[in-house]
Protein chains: 2
Amino acid sequence: MNAPASMIRLTTQRQIILEELSKVTSHPTASELYDMVRKRLPRIGLGTVYRNLELMAESGMILKIEVGGTQKRFDATTDEHYHIRCSVCGRVDDIDVPVVKELVAQAKESSAYMIQGHHVEFTGICSDCQKKQH
Amino acid sequence: MNAPASMIRLTTQRQIILEELSKVTSHPTASELYDMVRKRLPRIGLGTVYRNLELMAESGMILKIEVGGTQKRFDATTDEHYHIRCSVCGRVDDIDVPVVKELVAQAKESSAYMIQGHHVEFTGICSDCQKKQH
DNA sequence: TTACTAAATGATAATCATCATCAATTAACA
DNA sequence: TGTTAATTGATGATGATTATCATTTAGTAA
C-alpha cells in the first residue's frame, strides 16, 4: 500500500560524522565537523558533511541549531534544552536552565500563529574569552 | 582631550531607511528593506542599506535580530521583547509574551559564561501560511 | 558469492547573503 | 560659498550553503 520507502543506507561517512558529533559537548559548525571527520576519513567531501547533517537533523537524530552568528551549528543531544552563545568567539554550549513550558501556553494565547515550539538563547562571554581579555 | 568624534551625517538614505522600517510591524531583511526603500530612492545601493542598518543597530536606534533562517532581520522597536518566526515563510513578528527576567538570573548560576542577555524565539505557522495550506 | 540497482559520495560549480573597496558625491560648518 | 571628511553607488570579494552529476557502494535477491 505504501510507496516504497526510500532506503537510508548506513554508510561509513554517516557513522563517523555522528560519532564525532557525539564526542564533543560543544556545538560544531558543518566545517568544524568536516575538519574533525577528515582526520579519520581524509577523502570525505564537505558536501557529504552538509548533506548528512541536514538528513540527520530532519530525521530527528540530531539537532540543528540556528542561533545568532552566520553558521548553523549541530548538537547530538536532542532532548529539549537551551543554549548559550559566546558573543566574542561564537562558541555555543548547552545551558542547564530548566525549560519554561508555560512560555508556549502564553504564546498560544497572544498570537495568531499556530505555535510549534520555542527556544531560548542566552548571550555571554565564555570563560576562554574572559581570560583572553586580560 | 577627546579625539574628534567622527561626524554622523543625516542623509536622505538614512532617514528613508529608518522611516520604511518604522512603517512595518514585520521584521524585514536587508534586501526586503532595499526593495521598500527603492520605491522612494530608486538609485540607492544595496550596500548602503546594509551599511546603515548595521550602523543604526550599533548605535541602538534599531534592533538587529539574528534568529533562525539565513538572513538577519531588523526591528524599529528597541525595548526588550520576544519574537516568533514562521517556519514556512520565514516571516518574523513580535510576540506579546512578558519577558522572563528570572531566566538571566538562573543562567548566571548555572554557567561559567559572563551572561549578557537572552532572547526567546517561538516557532510556528503564521496565519497567511495556515490559510495557504488549505 | 555475485550481480543488480537505487542511494550516496566526492568534486565542482552555482547561489545567496554579506562585506570590502574606491572614485565620485554631498552634508555640515567655517 | 568653499573645504573636507563622511557617505554613497557600483562593483568585486568572501564565506556559507546548496545543486549537479558522473562514479562508487550498501543492501538485497538470485
Side-chain angles (χ1 to χ4, degrees), chain A residues 2-20 27-59 61-62 64-74 85 89-92, chain B residues 2-18 20-21 27-59 61-62 64-74 85 89-92:
Chain A
N2 287 334
S6 73
M7 165 54 105
I8 293 184
R9 292 195 200 151
L10 190 55
T11 65
T12 319
Q13 287 83 343
R14 276 212 246 283
Q15 290 179 72
I16 296 191
I17 290 170
L18 186 55
E19 276 176 33
E20 291 300 314
H27 301 66
T29 63
S31 80
E32 282 167 356
L33 230 0
Y34 175 56
D35 289 339
M36 291 158 64
V37 169
R38 228 174 353 166
K39 289 181 184 148
R40 297 172 61 187
L41 282 182
R43 302 192 50 76
I44 197 172
L46 178 57
T48 303
V49 175
Y50 271 102
R51 239 181 283 129
N52 282 311
L53 287 172
E54 192 57 41
L55 208 71
M56 292 192 271
E58 270 171 27
S59 76
M61 297 173 64
I62 65 170
K64 176 163 61 168
I65 314 177
E66 304 188 43
V67 295
T70 50
Q71 291 164 280
K72 291 181 180 120
R73 292 176 172 273
F74 297 88
R85 178 170 57 91
C89 67
R91 175 192 174 94
V92 171
Chain B
N2 287 334
S6 73
M7 166 54 103
I8 294 185
R9 291 192 200 155
L10 189 55
T11 65
T12 318
Q13 287 84 343
R14 275 211 247 283
Q15 291 179 71
I16 295 191
I17 289 170
L18 187 56
E20 291 300 315
L21 181 58
H27 300 66
T29 63
S31 80
E32 284 168 353
L33 229 2
Y34 176 56
D35 289 338
M36 291 157 64
V37 169
R38 228 175 350 167
K39 288 179 185 152
R40 296 173 60 186
L41 282 181
R43 303 193 49 76
I44 196 172
L46 178 57
T48 303
V49 175
Y50 271 101
R51 237 180 285 129
N52 282 311
L53 286 173
E54 192 58 42
L55 207 72
M56 290 192 272
E58 270 171 27
S59 76
M61 296 172 65
I62 66 171
K64 175 163 61 168
I65 314 176
E66 304 189 41
V67 294
T70 49
Q71 291 164 281
K72 293 184 180 117
R73 293 177 172 274
F74 298 87
R85 178 168 57 92
C89 68
R91 175 192 174 93
V92 172

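Convention: sequence-line order gives letters A, B, ...; per-chain numbering from 1. All heavy atoms count here, side chains included; hydrogens, waters and symmetry mates do not.
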Can you tell me the distance, in whole Å, between the [atom1] atom of [X] and the [atom2] atom of [N]?
X: Ile44(B); N: dT26(C); atom1: CD1; atom2: C1'; answer: 14 Å
X: Leu41(B); N: dT26(C); atom1: CG; atom2: P; answer: 12 Å
X: Glu66(B); N: dA17(C); atom1: CD; atom2: P; answer: 16 Å
X: Asp35(A); N: dG15(D); atom1: CG; atom2: P; answer: 14 Å
X: Arg38(B); N: dT8(D); atom1: CZ; atom2: C1'; answer: 16 Å
X: Tyr34(A); N: dA16(D); atom1: OH; atom2: P; answer: 13 Å
X: Leu53(A); N: dA16(D); atom1: CG; atom2: P; answer: 15 Å
X: Ile17(B); N: dT7(D); atom1: CD1; atom2: P; answer: 12 Å

Q.
Quick one, Glu20(B) with Lys39(B), criterion salt bridge (Lys or Arg N to Asp or Glu O under 4.0 Å). Give me CA distance, side-chain angles, the key distance, then yes/no.
A. CA-CA 10 Å; Glu20(B) 291 300 315; Lys39(B) 288 179 185 152; over 6 Å; no
Q. Is the closest basic N to carboxylate O distance between Lys64(B) and Glu58(B) below 4.0 Å?
A.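 Not counted as a salt bridge, because no side-chain N and carboxylate O are separated by less than 4.0 Å.
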Q. Hey, which of these two, Thr48(A) or Thr29(B), hits DNA chain C nearer its 5' end, going by closest nucleotide?
A.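 First, find each residue's nearest nucleotide; the 5'-ward one identifies Thr48(A).
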Q | Residue list, side-chain hydrogen bond (donor to acceptor under 3.5 Å, both in side chains) with Arg9(A), at least two apart or on another chain | A |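 With neighbours one apart ignored, the set is empty.
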**Q.** Partners meeting side-chain hydrogen bond (donor to acceptor under 3.5 Å, both in side chains) with Arg73(B) (sequence neighbours left out)
**A.**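 Per chain and number, Arg73(B) pairs via side-chain hydrogen bond (donor to acceptor under 3.5 Å, both in side chains) with no residue.
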Q.
Can you tell me which nucleotide in dG9(D), dA8(C), dT8(D) comes closest to the side chain of Arg14(A)?
A.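 Of the options given, the side chain of Arg14(A) lies nearest dA8(C).
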Looking at [X] and [Y], what are the two nearest heavy atoms and their distance?
X: Leu21(B); Y: Phe74(B); result: CD1-O, 3.6 Å
X: Leu33(A); Y: Pro28(A); result: CD2-CG, 3.8 Å
X: Arg14(A); Y: Met56(A); result: O-CE, 4.5 Å

(Q) Need to verify one output field. Residue with the more 5' nearest nucleotide on DNA chain D, Thr70(B) or Leu55(B)? (A)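 On the 5' side of the pair lies Leu55(B).
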Q: Between protein and nucleotides 18-30 of chain D, map the contacts as a letter string: B base, S sugar-phosphate only, - none, heavy atoms under 4.0 Å, written 5' to 3'.
A: B------BBSS--
Q | Distance test, side-chain N/O of Gln13(A) to OP1/OP2 of dG10(C), below 4.0 Å | A |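 True: Gln13(A) side-chain N/O within range (under 4.0 Å) of dG10(C) OP1/OP2.
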Q) Roughly how bent is the helix from dT1(C)-dA30(D) to dA30(C)-dT1(D) end to end, in steps of 10 degrees, with each end axis from five pairs? A)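 End axes: 30° apart.
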Q: With sequence neighbours excluded, tell me which residues meet side-chain contact (heavy atoms from CB on, under 4.5 Å) with Thr70(B).
A: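 side-chain contact (heavy atoms from CB on, under 4.5 Å) check on Thr70(B) returns Lys72(A).
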Q: Could you tell me which residues satisfy salt bridge (charged side-chain N to carboxylate O under 4.0 Å, His left out) with Arg38(A), sequence neighbours excluded, listed by chain and number?
A: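 By the salt bridge (charged side-chain N to carboxylate O under 4.0 Å, His left out) rule, Arg38(A) matches Asp35(A).
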